[in-house]
Amino acid sequence: MVDLQAQYQQIKSEIDTAIAEVLESAAFIGGAQVKQFAQELAAYLGIKHVIPCANGTDALQIVLMAYNFPKGSEIIVPSFNYVAAVEVIALMGLVPVFVEVEPNYFCLDTAQIEALITPKTVAILPVHLFGQGADLEQVMQIASRHQLVVIEDTAQSIGAKFTFSDGTAQPLGGIGHVGTTSFFPSKNLGCMGDGGAIFTNDDALATQMQMIANHGQKQKYTYQIVGINSRLDTIQAAILRVKLKYLTAYTAARQKAADFYDEHLSNVPNVQIPARRTGSTHVFHQYTLLLENKTVRDRVKATLAEVGVPSMSYYPSPLHLQQAYSYLGYEKGSLPLSESFCERVLALPMHTELTEEQQAYIVEQLKLALKS
Ligand SMILES: *Cc1c(COP(=O)(O)O)cnc(C)c1O
C-alpha cells in the first residue's frame, strides 16, 4: 500500500545527516529543530500557528481540552471515519453525534448537519478523508449560523486547499477555528515514529493549546491549567524538516498516480473512481474505489492478494456500529450510506514511489479480478 523503504532510500543521506546532528547535540526533547519545523510548516501552509505534539490523536485531545466544553456537549462528527476524533470526544466526557457520509466525496454530508443540531451542540468536526476537504463552505456557514466551533482533522489531507465559490482557496486546517494533523509514517507528511500538530490562526487559542501540550505551564513549574505531556520528538522534527522540503513533489507524485488510475479505471463498469471537487486540491492520501457490494469487494480484494496486489478497506466498519460506541444507541440502518460505503470501499496502492509499470499491473489485475 505504501513504500516507505523506497522513499527513505531516495533521501537517505539527508535524513541520516539530520538524525546524526540531533544525536551529536544530545538535545532530544524540544530545542531549535522543533521550533524551526513548526515555523517552516506554518509558512508552507499559510497558517499562523503550528503547535507540534506527540501524535494526531493527542492533537485532537488538546483542542478539546482548550475549549473545555461542558460535559455532555455534543460534537457532530462523521461515522465513516478513523476512530481518533470520536475516541477523544468520548474521553473528554462529550457526546459524538454521528452524521452521514457525503454521497460522492467520503466526507461528512453537510446537508444533514442542521437536523442534528440541538441546544447542546458545540462543534462540528469535519474529517478531510483520503486527501480531500469536506464541503467547508457549507460547514462554515452552518457553524456561523449556529455559533459552533469548527475543528478540522487534516491527518489525511495536509497541504490540500479548499476553494470557495468566490474563487478564494484556503489551506485545510486553517479554515475552521482550529485544525489537527498526524505525522504517522504512512501519512502524506510522515515522520519515522509518532508525531502530530495543531493549526490555528487564533493567537489566544494557540497560547492555550501550547500550554496544555506542556503540562499546563507557561513557565517551568507554574501550572495555570491541567495539561498533558505531548511533545514532538526532536529527532522526528529533524526528519520532518527534511521531508517537508519534498512535500510538494510527494503530493504531485500522488496526484500523477491518481490520474493514471482515473484514466484506466473511469470506464470500467461497476467501478466508481474517487470524485474530485472542482477547483479544490485532492492530495490522495488514499485512492479509494467504490465497488458494487460487499461480495464483489471481498472477492476482488482476495483475488488481488493472490497475484501480489495489496488493497485495503478503509474503513471496514462504521464507528456508530462499533462495540465501544454501542452505548450511544445507534443501530444497523441508522446511517445506511456510511454502512454501505464500509462494505464497498477498496483502496489501491497509493504512495510517492509508484511506477507506471506497477500501476499498469495493478489496473490489469483489478480488471481481471472484477471479471472473475
Ligand atoms: C491517522 C489519523 C489520526 C490519528 O493520528 P495518530 O498520529 O495516529 O494519532 C486522526 N485522524 C485521522 C483521520 C487519521 O487518519
Side-chain angles (χ1 to χ4, degrees), residues 56-57 60-61 64 69-130 132 134-135 138-139 142-143 146 148-153 155-156 270 272 274-275 286 288-302 311-347:
T57 309
L60 288 157
Q61 181 175 335
L64 293 183
F69 297 121
K71 297 279 175 242
S73 297
E74 297 171 358
I75 298 188
I76 295 172
V77 61
S79 174
F80 182 73
N81 184 9
Y82 185 64
V83 72
V86 169
E87 169 180 85
V88 163
I89 292 169
L91 264 176
M92 296 299 299
L94 309 171
V95 182
V97 173
F98 292 115
V99 61
E100 260 293 23
V101 62
E102 190 179 14
N104 287 315
Y105 302 101
F106 298 117
C107 292
L108 80 187
D109 187 355
T110 55
Q112 304 203 32
I113 290 177
E114 279 190 301
L116 301 173
I117 295 175
T118 74
K120 287 188 170 171
T121 310
V122 290
I124 307 172
L125 204 159
V127 180
H128 306 309
L129 222 53
F130 303 153
Q132 178 168 243
D135 185 345
Q138 287 303 318
V139 170
I142 295 166
H146 299 272
L148 303 176
V149 171
V150 175
I151 303 162
E152 299 176 66
D153 181 346
Q156 301 188 7
N270 301 319
Q272 197 175 316
Q286 300 294 346
T288 302
L289 301 171
L290 278 169
L291 303 185
E292 255 181 295
N293 56 46
K294 187 172 186 330
T295 313
V296 172
R297 193 272 312 273
D298 291 348
R299 194 195 69 221
V300 167
K301 194 166 186 289
S311 63
M312 290 291 280
S313 296
Y314 306 111
Y315 293 94
S317 174
L319 296 173
H320 70 276
L321 298 182
Q322 298 279 349
Q323 193 187 336
Y325 302 102
S326 60
Y327 71 93
L328 294 166
Y330 291 85
E331 286 168 6
K332 209 164 162 54
S334 303
L335 298 164
L337 196 59
S338 302
E339 293 164 27
S340 149
F341 273 22
C342 289
E343 296 184 339
R344 295 166 53 212
V345 283
L346 191 71

Contacts table for residues 92-103: side-chain donor-acceptor under 3.5 angstrom, sequence neighbours left out:
from	atom 1	to	atom 2	distance (Å)
Glu100	OE1	Ser338	N	2.9
Glu100	OE1	Ser338	OG	2.6
Glu100	OE2	Leu337	N	2.7
Glu102	OE1	Arg277	NH2	2.6
Glu102	OE2	Arg277	NH1	3.4

- [ ] Report yes if the side chains of Val122 and Ile75 come closer than 4.5 Å at any heavy-atom pair, otherwise no.
- [x] yes
- [ ] Please check if the side chain of Gln132 supplies one atom and the backbone of Phe106 the other of a donor-acceptor pair under 3.5 Å.
- [x] no
Task: Donor-acceptor under 3.5 Å (Thr288 side chain, Ala347 main chain) - done: no
Open item on the list: My understanding is that only one of Ile151, Val77, Leu108, Val149 makes a side chain to side chain contact (heavy atoms under 4.5 Å, CB included) with Ile124; could you say which?
Closed with: Leu108
TODO: Quick one: closest heavy-atom pair of Ser334 and Glu339, and the distance?
DONE: N-OE2, 3.4 Å
Open item on the list: I need the Leu289 CG to Arg297 CZ distance, nearest 0.5 Å.
Closed with: 11.5 Å
Open item on the list: Once rounded to the nearest 0.5 Å, what's the spacing between atom CD of Gln322 and atom CG of Leu328?
Closed with: 12.0 Å
- [ ] Report the relative orientation of the aromatic rings in Tyr315 and Tyr82; use parallel for angles under 30°, tilted for 30 to 60°, perpendicular for over 60°.
- [x] tilted
TODO: For this output row, return yes or no: ring centroids of Tyr330 and Tyr325 closer than 6.0 angstrom.
DONE: no
Open item on the list: Quick check against the 3.5 Å criterion: does Arg344 have a side-chain atom that pairs as donor or acceptor with the backbone of Asn293?
Closed with: no
TODO: Rounded to the nearest 0.5 Å, what's the gap from CG on Leu129 to SG on Cys107? Could you check?
DONE: 6.0 Å
Task: Taking every non-hydrogen atom, the tightest pair across Tyr314 and Phe80 - done: O-CZ, 3.5 Å
- [ ] Looking only at non-hydrogen atoms, find the nearest pair between Leu125 and Pro78 and report the distance.
- [x] O-CD, 3.3 Å
Open item on the list: Considering only residues two or more places apart or on different chains, which pairs with a residue in residues 71-88 satisfy salt bridge (Lys or Arg N to Asp or Glu O under 4.0 Å)?
Closed with: none
TODO: Check whether any side-chain heavy atom of Asp153 lies under 4.5 Å from a side-chain heavy atom of Leu60, and answer yes or no.
DONE: yes
TODO: Determine the minimum heavy-atom distance between Cys342 and Ser317, stating which atoms define it.
DONE: SG-C, 3.6 Å
- [ ] To the nearest 0.5 angstrom, please state how far the CD1 atom of Ile76 sits from the OG1 atom of Thr110.
- [x] 11.5 Å
Task: His128 versus Ala134, closest heavy-atom pair with distance - done: ND1-N, 3.0 Å
- [ ] Measure the NE2-NZ distance between His320 and Lys332 for me, rounded to the nearest 0.5 Å.
- [x] 8.0 Å
Task: For Ile113, the option from Asp109, Leu116, Ile117 that meets side chain to side chain contact (heavy atoms under 4.5 Å, CB included) - done: Ile117
Task: CG-CG distance between Leu346 and Asp298, expressed to the nearest 0.5 angstrom - done: 9.0 Å
